[in-house]
Amino acid sequence: MRCCVHPAAVKRLAIRSLLLLAGLWLLATAATWFGNQPDDSAHGYGEVHDAVDHNNGGGNSVGSRMWRFLGAALRAQLQPRPPPPPLLLPDSEEDDAAGDVEGSKNKRRRGVERQSFVYLKVIKSASETITSMLRRFGLSRHLSFAMPLPKKIYLGWPNPLRQEYIVLPSGVSHPSVLLDQCVYNRTFLDGLMAKPCVYITSLREPFRQLQSLFAYYNMAEISGLGGRPDAFETYLSDLPRYDREYQSPRRAAKRYCVPDNYSLTKNTMSRILGYVEGQDADKFVASIIADFDLILITDYFMHSLVLLKRLMNWSFKDILFVSRNIGRYPRMMAAQRPDLMRVHQAWSPVDYKLYQAANASFWRRVAQEGPSFRTELRVFRSLSKFIRRRCRALERGDAAAASGNDFTFLANRWSPAFSIGPMDCRRLGDAGINELQRQSRLAYTGDKAALTGYPYC
């Protein structure tokens, strides 16, 4: 016997399924809308928030809010969404009254933005986050980059910097931007870069950097301590032994872009900045503090970005960022144990001297910026939080965020006006690496055989 289904029944089933899906979509959208209602009490001093009018217009019961939501959703489908009002970043009456410290570096922040710079990338010092931000700035202004060879990620590191490790765009002899990891050589860079050039780097508290290196470079597994819950403590209990094991040629296949006999635990930051073992440490530290226009301290990341913005005469939009390569450490590595820190300081003394000097210089710089710096910092934190929230809503497919309308931030004492829209959110999430690798492939005219193997990645 053959069974058949009447066409009318199939049609009714299809209609019911569509209605059910539409109902589920409305419930999900309503839940998102209710969860995103503003809490006016949460907006503190200097907070920047969505200025769209959320008029309750009557009762506030769940039922009335649901009907208002359904009505708003219907209206949004029947008429175009108006552009949101511009957002004003508030000035501070306190700062206006107090003024800035005489001689403050922020007196020049309204000048022409600086577009030639070297960022000397120090591994595991928020360097990938900073590099992505600076790369976005350079690409948006069509600046010329000093680039690694095709399919490479370093400019010869950990070997001394040489011209053969660098690809320049066709017709360019003095690029505007250098960002990729290399060993610092001021004489070489002065001859390479377009002038005037700003020199920037970033440092991190050495023990925290060690923890990040240990996790990121899989040092426990490679040194033979994989699986041990006390691997970090054990490694530090006999640093020379386990460092030799990590660096040994028989472990080379497991190491990523770290050559034989190269220590990632001993004066790592200093050696990237050109320190040679046996060199006078005090003279080296003094030279680095004098050489660089700004040393960012990534333990105070937002402070660092505001200082960078002031130095470069940039806008708030130019220093927005998405965190990258964030490490997750086992619980036993998270603690700042004084005994382990003393062991590492004795093993890596130049890094600790360098960090202490740079940190002291950093806070002197902050003090010189005057009282307006504190307010600008608060505003930037609020602005960053607002934009991250909006961009996350766009990623989730929120209808309001994806409407295509930009939010405009009005000009103020700290920044020219700028807009943020869906395209800007996508650019924040794009590190720009693929574009520069494409440019490097097009510009490279050397021997293809040089693109494989060591001495560099």
Pairs meeting criterion salt bridge (charged side-chain N to carboxylate O under 4.0 Å, His left out) with involvement of [range], two or more places apart:
range	value
residues 240-251	Glu245-Arg250, Glu245-Arg251
residues 432-442	Glu435-Arg438
residues 311-323	Arg141-Asp318, Lys317-Asp424

Sequence neighbours left out, what pairs pass side chain to side chain donor-acceptor pair (under 3.5 Å) with at least one residue falling in residues 278-287?
Asp282-Lys353
Can you sort out the partners of Cys425 under disulfide (SG to SG under 2.5 Å), two or more places apart, ordered by chain and number?
Cys391
Indicate the atoms forming the closest heavy-atom contact of [X] with [Y], along with that distance.
X	Y	answer
Ser270	Phe284	O-CZ, 3.5 Å
Pro175	Met193	O-CE, 3.4 Å
Ser127	Thr131	O-OG1, 2.6 Å

Contacts of Asp190 that satisfy salt bridge (Lys or Arg N to Asp or Glu O under 4.0 Å) - sequence neighbours left out:
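By the salt bridge (Lys or Arg N to Asp or Glu O under 4.0 Å) rule, Asp190 matches Arg186.
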Candidate pair Lys121 and Glu128, rule salt bridge (charged side-chain N to carboxylate O under 4.0 Å, His left out), full reasoning:
CA-CA 8 Å; Lys121 187 174 182 181; Glu128 189 56 38; 2.6 Å; yes
Just to verify, what does [X] make a side-chain contact (heavy atoms from CB on, under 4.5 Å) with, not counting sequence neighbours?
X	value
Ala358	Leu203, Ile289, Ile295, Ile297
Val183	Trp157
Asn434	Gln437
Pro169	Ser144, Met147, Val172

Residues 167-189 vs ring-ring contact (aromatic ring centres under 6.0 Å, His included), sequence neighbours excluded, gives Tyr184-Phe292
Would you list the pairs meeting ring-ring contact (aromatic ring centres under 6.0 Å, His included) in which at least one residue belongs to residues 112-139, sequence neighbours left out?
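Output for this query lists Phe117-Trp314, Phe137-Trp314.
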Here's one to test your reading of the geometry: is the NZ or CZ of Arg271 within 45 degrees of the ring axis of Tyr262 and under 6.0 Å from its centre?
yes
Do Arg413 and Thr375 pair up side chain to side chain, a donor and an acceptor below 3.5 Å, judged on atom types alone?
no
Checking side-chain contact (heavy atoms from CB on, under 4.5 Å) against Leu120, which of Ile200, Ile272, Asp291 comes through?
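Of Ile200, Ile272, Asp291, side-chain contact (heavy atoms from CB on, under 4.5 Å) with Leu120 is met by Ile272 alone.
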Quick check, are the ring centers of Tyr246 and Tyr235 under 6.0 angstrom apart?
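Here the rings of Tyr235 and Tyr246 have centres that are no less than 6.0 Å from each other.
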